[in-house]
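Every chain is numbered from 1, with letters handed out A, B, ... down the list of sequences.
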2 protein chains.
Amino acid sequence: MTFSEENYLKTIYHLTAISDIDVSTNAIAEKMETKASSVTDMLKKLSEKDLVNYIKYQGVSLTDKGKLAAKMIVRKHRLWECFLVEKLDFSWDEVHDIAEQLEHIKSEKLINKLDDFLGNPTEDPHGDPIPDAQGRIIKVEKQLLSEFDKNQIGICVGVKDTSSDFLKYLDKQEIALGSQIEIIEKESFDSSFRIRVGSKELTVSNKIASNIYIK
Amino acid sequence: MTFSEENYLKTIYHLTAISDIDVSTNAIAEKMETKASSVTDMLKKLSEKDLVNYIKYQGVSLTDKGKLAAKMIVRKHRLWECFLVEKLDFSWDEVHDIAEQLEHIKSEKLINKLDDFLGNPTEDPHGDPIPDAQGRIIKVEKQLLSEFDKNQIGICVGVKDTSSDFLKYLDKQEIALGSQIEIIEKESFDSSFRIRVGSKELTVSNKIASNIYIK
DNA sequence: ATTTAAATTTAGACAAATCTAAAAATTATA
DNA sequence: TATAATTTTTAGATTTGTCTAAATTTAAAT
Ligand SMILES: [Mn+2]
Ligand SMILES: [Mn+2]
Ligand SMILES: [Mn+2]
Ligand SMILES: [Mn+2]
């Protein structure tokens with residue numbers, strides 16, 4: 001399997017995880033910053049290999065084989081992110097791009113040994129679940145901060161947007177995984193939130209609140 | 001720089017390290033298990049990028065820029081081999097192929113942090129020197145076991161052949177880096193050696209003795 | 001000094017992954 | 001429902017790295 005094929009599988013996996021319905025050619029093209037015609041070519045190839053169910057003009061979904069392959073790539077990506085943060089002391093906003101490269105290293109033994117070395121973590125530095133060697137995922141039900149109401153309290157357990165910019169913003173506000181967040185006030189006009197994080201109080205926009213997972 | 005370009009540079013680096021004179025197209029083709037015509041094509045490209053000094057029909061050598069680039073790849077390869085052996089408990093005969101992949105991961109920060117995490121090792125699991133971030137190498141003078149004479153004693157500090165087969169043979173004979181080796185007898189007929197390793201005595205062919213470095 | 005052999009390069013082809021531009025199918029709108 | 005807009009696919013071109021076969025250059029052997 002080539003790097004490119006792996007990247008397509010991963011993208012389709014992530015897009016189907018969101019909405020569950022078939023993924024469109026354009027959605028893939030947009031996410032991968034490539035052209036729709038390139039996507040079509042690749043879908044034909046992946047279909048030929050029985051990794052996706054593809055019907056012309058009708059969108060695409062992963063086969064069981066394709067889904068497992070995608071999960072193994074996600075597994076590698078997230079384990080490497082753990083390694084970078086836990087062992088090499090990278091911050092959570094620096095690891096994604098390097099993991100994008102490391103996720104393509106081919107060695108089952110390597111990834112399983114890495115898993116053990118890290119103590120078999122179930123979540124990556126952004127709170128995303130790590131599939132095990134069989135592709136099983138422990139789902140933790142979590143809500144967006146934006147769905148919370150006044151006076152509710154929760155723990156930050158993940159982020160939806162994992163861009164470096166957003167993660168740095170959270171660092172600045174001293175919001176990290178494990179932080180306790182209390183909703184002091186929800187402004188009905190713009191759906192912004194007044195929250196308490198630790199001892200500090202701050203106001204966050206709805207856009208921010210829509211990218212923080214709470215449990 | 002592409003994977004392929006990096007692999008060519010590394011190969012040229014290793015071939016020049018042996019004999020110091022210009023490397024031939026065929027030597028590169030043989031080592032990389034590719035065709036001479038493919039090598040010629042790549043040499044033109046590397047020459048265009050000022051990574052090699054290339055004169056048609058006359059062989060090739062690395063420029064300073066090319067040599068530094070090659071050393072950085074070797075640095076990455078050997079540091080990852082250390083990681084695999086020291087941290088993930090791989091044996092020294094399993095790590096080369098995985099390191100061949102890992103050496104192409106692009107992140108200076110990653111490799112320098114890995115270096116620190118490993119305690120800035122100066123040698124890899126096969127006794128080969130690890131260039132530092134500036135490309136400097138600590139040369140340890142060492143001799144082949146085959147060049148030793150009767151009654152001499154030394155420590156095994158490296159191997160010339162790093163193939164899995166040879167390394168497994170050494171494991172079987174309980175010869176490892178750090179093992180004390182004493183030459184009991186040198187057979188003049190076939191240049192084989194009777195040696196003592198730890199408490200055991202054994203006979204090794206000249207071919208074996210020509211692939212073990214002693215200090 | 002020719003001739004022969006070996007090494008190297010060139011020419012042309014191919015597969016993978018991408019692109020642009022044009023055609024076809026689907027979906028939305030009037 | 002007919003037409004327009006959007007989405008998707010096809011056709012053809014490009015880049016990278018490879019290959020085979022033929023031509024060229026260099027080295028070796030009469
Ligand atoms: Mn990531
Ligand atoms: Mn992540
Ligand atoms: Mn190696
Ligand atoms: Mn090595």
Side-chain angles (χ1 to χ4, degrees), chain A residues 1-13 15-16 18-62 66 69-70 73 100-101 103-106, chain B residues 1-13 15-16 18-62 66 69-70 73 100-101 103-106:
Chain A
M1 185 126 58
T2 66
F3 282 24
S4 191
E5 288 172 333
E6 292 189 338
N7 284 333
Y8 275 94
L9 284 184
K10 194 181 49 158
T11 299
I12 297 167
Y13 176 77
L15 288 172
T16 41
I18 297 168
S19 68
D20 201 28
I21 57 166
D22 280 13
V23 181
S24 75
T25 301
N26 265 359
I28 298 169
E30 189 176 6
K31 187 126 183 192
M32 298 189 71
E33 296 181 71
T34 184
K35 302 293 166 175
S37 55
S38 307
V39 175
T40 301
D41 286 345
M42 182 57 81
L43 292 183
K44 283 184 201 162
K45 190 195 299 188
L46 294 176
S47 179
E48 202 59 46
K49 293 190 175 187
D50 273 316
L51 292 162
V52 300
N53 305 116
Y54 170 58
I55 308 166
K56 264 200 205 179
Y57 294 101
Q58 299 305 129
V60 72
S61 63
L62 294 172
I73 300 160
E100 287 284 301
Q101 299 179 61
E103 71 189 5
H104 299 293
I105 301 294
K106 277 145 193 88
Chain B
M1 186 127 57
T2 65
F3 283 24
S4 191
E5 288 174 334
E6 291 189 339
N7 284 332
Y8 275 94
L9 283 183
K10 193 180 53 158
T11 299
I12 297 167
Y13 176 77
L15 288 172
T16 40
I18 296 168
S19 68
D20 203 27
I21 57 166
D22 281 12
V23 182
S24 75
T25 300
N26 265 359
I28 297 170
E30 190 176 6
K31 187 126 184 191
M32 298 190 70
E33 298 181 72
T34 183
K35 303 293 164 175
S37 55
S38 307
V39 176
T40 302
D41 285 344
M42 183 56 83
L43 292 183
K44 283 185 202 162
K45 189 196 299 188
L46 294 176
S47 179
E48 201 58 46
K49 292 189 176 185
D50 273 316
L51 293 162
V52 300
N53 306 116
Y54 170 58
I55 308 166
K56 264 199 205 181
Y57 294 102
Q58 299 304 128
V60 71
S61 64
L62 294 171
I73 301 161
E100 287 285 302
Q101 297 180 62
E103 72 189 3
H104 299 293
I105 301 294
K106 278 146 192 88

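Between S47(B) and V52(B), the shortest heavy-atom distance links the atoms N-CG2, 3.5 Å. In terms of heavy atoms, A36(A) sits closest to A29(A) at N-CB, 3.8 Å. Scanning all heavy atoms of the two residues, the minimum distance from A70(B) to Y13(B) falls at CB-CB, 3.6 Å. Closest approach of D22(B) and Q58(B) over heavy atoms only: OD2-O, 3.9 Å.
Residue K35(B) has no polar side-chain atom (N or O) positioned under 4.0 Å from OP1 or OP2 of dT8(C). Between N26(A) and dT6(D) there is no side-chain polar atom (N or O) within less than 4.0 angstrom of OP1 or OP2. Listed pair S24(A) / dT7(D) fails the phosphate criterion, with no side-chain N or O lying under 4.0 Å from OP1 or OP2. Taking only side-chain nitrogens and oxygens, T25(A) comes nearer than 4.0 Å to OP1 or OP2 of dT9(D). Phosphate proximity of dT8(D) to S37(A): absent, as no side-chain N or O sits under 4.0 Å from OP1 or OP2. Contact check, K44(A) against dT10(D): a side-chain N or O comes under 4.0 Å of OP1 or OP2. A sub-4.0 Å separation between OP1 or OP2 of dA16(C) and a side-chain N or O of T2(A) is absent.
Distance M32(B) CE to dC19(D) C1': 15 Å, rounded to the nearest Å. Atom CG in L43(B) sits roughly 17 Å away from atom P in dA7(C) (whole-Å rounding). Regarding D41(A), its CG atom lies at a distance of 15 Å from the P atom of dT8(D), rounded to whole Å. For Q58(A) and dA24(C), the CD to C1' distance is 14 Å, given to the nearest whole Å. One can place CG of D22(A) at 15 Å from C1' of dT7(D), the figure rounded to the nearest angstrom. At whole-Å resolution of the value, CZ in F3(A) and C1' in dT18(C) are 17 Å apart. The CD-P distance, from E30(B) to dA7(C), rounds to 10 Å in whole Å.
Two residues, E33(A) and V39(B), neighbour DNA chain C, and the one matched to the more 5' nucleotide by heavy-atom proximity is V39(B). Of the two residues contacting DNA chain C, namely T34(A) and A27(B), the nearest-nucleotide position lying further toward the 5' end is that of A27(B).
Listed by residue number, the members of residues 46-57 of chain B with any heavy atom below 4.0 angstrom from DNA chain C are Y54(B), K56(B), Y57(B).
Below 30°, between 30° and 60°, or above 60°: for H104(A) and F3(A) the angle between ring planes is below 30°, a parallel geometry.
In this structure, S38(B) reaches the bases: a heavy-atom distance under 4.0 Å links it to at least one base atom across the strands shown. Here Y8(B) lies in heavy-atom contact (under 4.0 Å) with sugar-phosphate atoms only.
Using a cutoff of 4.0 Å between basic side-chain nitrogens and carboxylate oxygens, K35(B) and E30(B) are not scored as salt-bridged. Comment: K10(B) does not engage E5(B) in a salt bridge, judged by the lack of any side-chain N to carboxylate O separation of less than 4.0 angstrom.
Residues passing the side chain to side chain contact (heavy atoms under 4.5 Å, CB included) test with T11(A) are L15(A), I28(A), K31(A), M32(A), sequence neighbours excluded.
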